[in-house]
Amino acid sequence: MDGDGARAILTLTIMLQIPKLIDVAQQTTAVIRMRFPSEECPQHFGPAVAELFAELKSQGIEPVGPLFDHHFRAPDTHFDFEIGVPTSESVAPNGRVIPSVRPAFRAAKAVLIGEYEQLQEAWPELMEWMAQQGHQPTSDLWQIFASGPDVDPDPATYRTELIRGVLC
């Protein structure tokens, strides 16, 4: 059991907290929209994160939460998504950085504890749980990087929230 009483399950080498249903609140965000072949993620993701944070800094806007990516559909041969951060005010559009709003929605959520490379194995576990509970997923999905290398360089300490909307 972790500190909030949620049980964790171990599947192979993946530590994934048992999923639960949550209500996600509407939130102002600053984002960069991208689409590229899946294998090109490493060469695009890091520079886009740096670009996003540099633009926020130039506008004097502090993020009010962790970095996320929002995929408009489950990745296949291409990623079609946006990276962003929640903000307390709208960012002025500049270059690829634009203002956005994460809508309020009902979702299934699980937290992956460990390396980002495990996300590919963690998502099917969340999807299986949703199916067992009778929840039909929406097309898009969110990954919130709640704790990562900016907090602790040890990948075993990373926390990534997997969030998939449910159709009501």
Side-chain heavy-atom pair Glu161, Lys109 within 4.5 angstrom cut-off:
yes
If you round to the nearest 0.5 Å, how far is NE2 of His135 from CZ of Arg164?
13.5 Å
Phe145 and Tyr158: ring-ring contact (aromatic ring centres under 6.0 Å, His included), yes or no, with the steps?
CA-CA 8 Å; Phe145 304 100; Tyr158 297 178; 9.5 Å; no
To the nearest 0.5 angstrom, please state how far the CD1 atom of Ile61 sits from the CZ atom of Phe53.
12.5 Å
Are Leu162 and Leu141 linked, directly or through intermediate hydrophobic residues, by side-chain heavy-atom contacts shorter than 4.5 Å (ILVMFWY only)?
yes
Any side-chain heavy-atom pair of Pro124 and Met127 under 4.5 Å:
no
May I ask you to check whether His78 and Phe36 place their ring centres under 6.0 Å from each other?
no
Distance, nearest 0.5 Å, that separates CD1 of Ile32 from CG of Leu52
5.0 Å
Closest contact, heavy atoms only, Val31 versus Ser100:
CG2-CB, 3.8 Å
Determine, using the 4.5 Å side-chain heavy-atom cutoff (strictly less than), whether Trp142 and Phe81 are members of one ILVMFWY cluster.
no
Using a 6.0 Å cut-off, check whether atom CD of Glu62 has over 12 heavy atoms from anything other than its own residue.
no
Specify the closest pair of heavy atoms between Pro86 and Pro66, including all atoms of both residues, with the distance to one decimal.
CD-O, 3.4 Å
pair Gln26-Val101: side-chain heavy atoms closer than 4.5 Å
yes
Any non-hydrogen side-chain atom of Gln143 less than 4.5 Å from a side-chain atom of Leu119?
yes
Look at atom CD of Gln136 and say whether more than 12 heavy atoms of other residues, nucleotides or ligands are closer to it than 6.0 Å.
no
Under the side chain to side chain contact (heavy atoms under 4.5 Å, CB included) rule, what do Met130 and Val166 come out as? Steps first, then yes or no, please.
CA-CA 9 Å; Met130 290 178 71; Val166 296; 3.4 Å; yes
In terms of hydrophobic clusters joined by side-chain contacts under 4.5 Å, are Phe79 and Leu67 together?
yes
Would you say the side-chain atoms of His71 and Asp80 include a donor-acceptor pair closer than 3.5 Å?
no
To the nearest 0.5 Å, tell me how far Ser147 OG sits from Ile113 CD1.
10.5 Å
Quick check: do Val85 and Thr29 have side-chain heavy atoms less than 4.5 Å from each other?
no
Tell me whether Arg35 forms a cation-pi arrangement with Phe72, defined as NZ or CZ under 6.0 Å from the six-membered ring centre and within 45 degrees of its axis.
no
Same apolar cluster (I L V M F W Y, side chains within < 4.5 Å links), Val97/Val49
yes
Do Tyr116 and Pro149 have side chains that get closer than 4.5 Å, going by heavy atoms?
yes
Roughly how far, to the nearest 0.5 Å, is the CD atom of Glu82 from the CE atom of Met34?
9.5 Å
Evaluate the side chain to side chain contact (heavy atoms under 4.5 Å, CB included) criterion for residues Ile144 and Thr160: first the C-alpha distance (whole Å), next the side-chain angles of each, then the deciding distance (0.1 Å), finally the verdict.
CA-CA 6 Å; Ile144 299 174; Thr160 307; over 6 Å; no
Is there a donor-acceptor contact under 3.5 Å from the side chain of Arg106 to the main chain of Gly165?
no
Side chains of Leu56 and Pro63, heavy atoms from C-beta outward: is any pair under 4.5 Å?
yes
Could you walk me through whether Phe68 and His70 pass ring-ring contact (aromatic ring centres under 6.0 Å, His included), step by step?
CA-CA 7 Å; Phe68 65 81; His70 169 214; 7.4 Å; no
When you look at Thr28 and Arg102, which way does the side chain to side chain contact (heavy atoms under 4.5 Å, CB included) test go after all the steps?
CA-CA 6 Å; Thr28 301; Arg102 179 189 64 206; over 6 Å; no
First locate atom CD1 of Ile98, then atom OG of Ser90, and finally report the distance between them rounded to the nearest 0.5 Å.
11.0 Å
Does Leu112 share a hydrophobic cluster with Ile163, counting links as ILVMFWY side-chain heavy atoms below 4.5 Å and allowing steps through other members?
no
Ser38 backbone acceptor or donor facing Thr77 side chain under 3.5 Å:
no
Residues Glu128 and Trp123: side-chain donor-acceptor under 3.5 angstrom
no
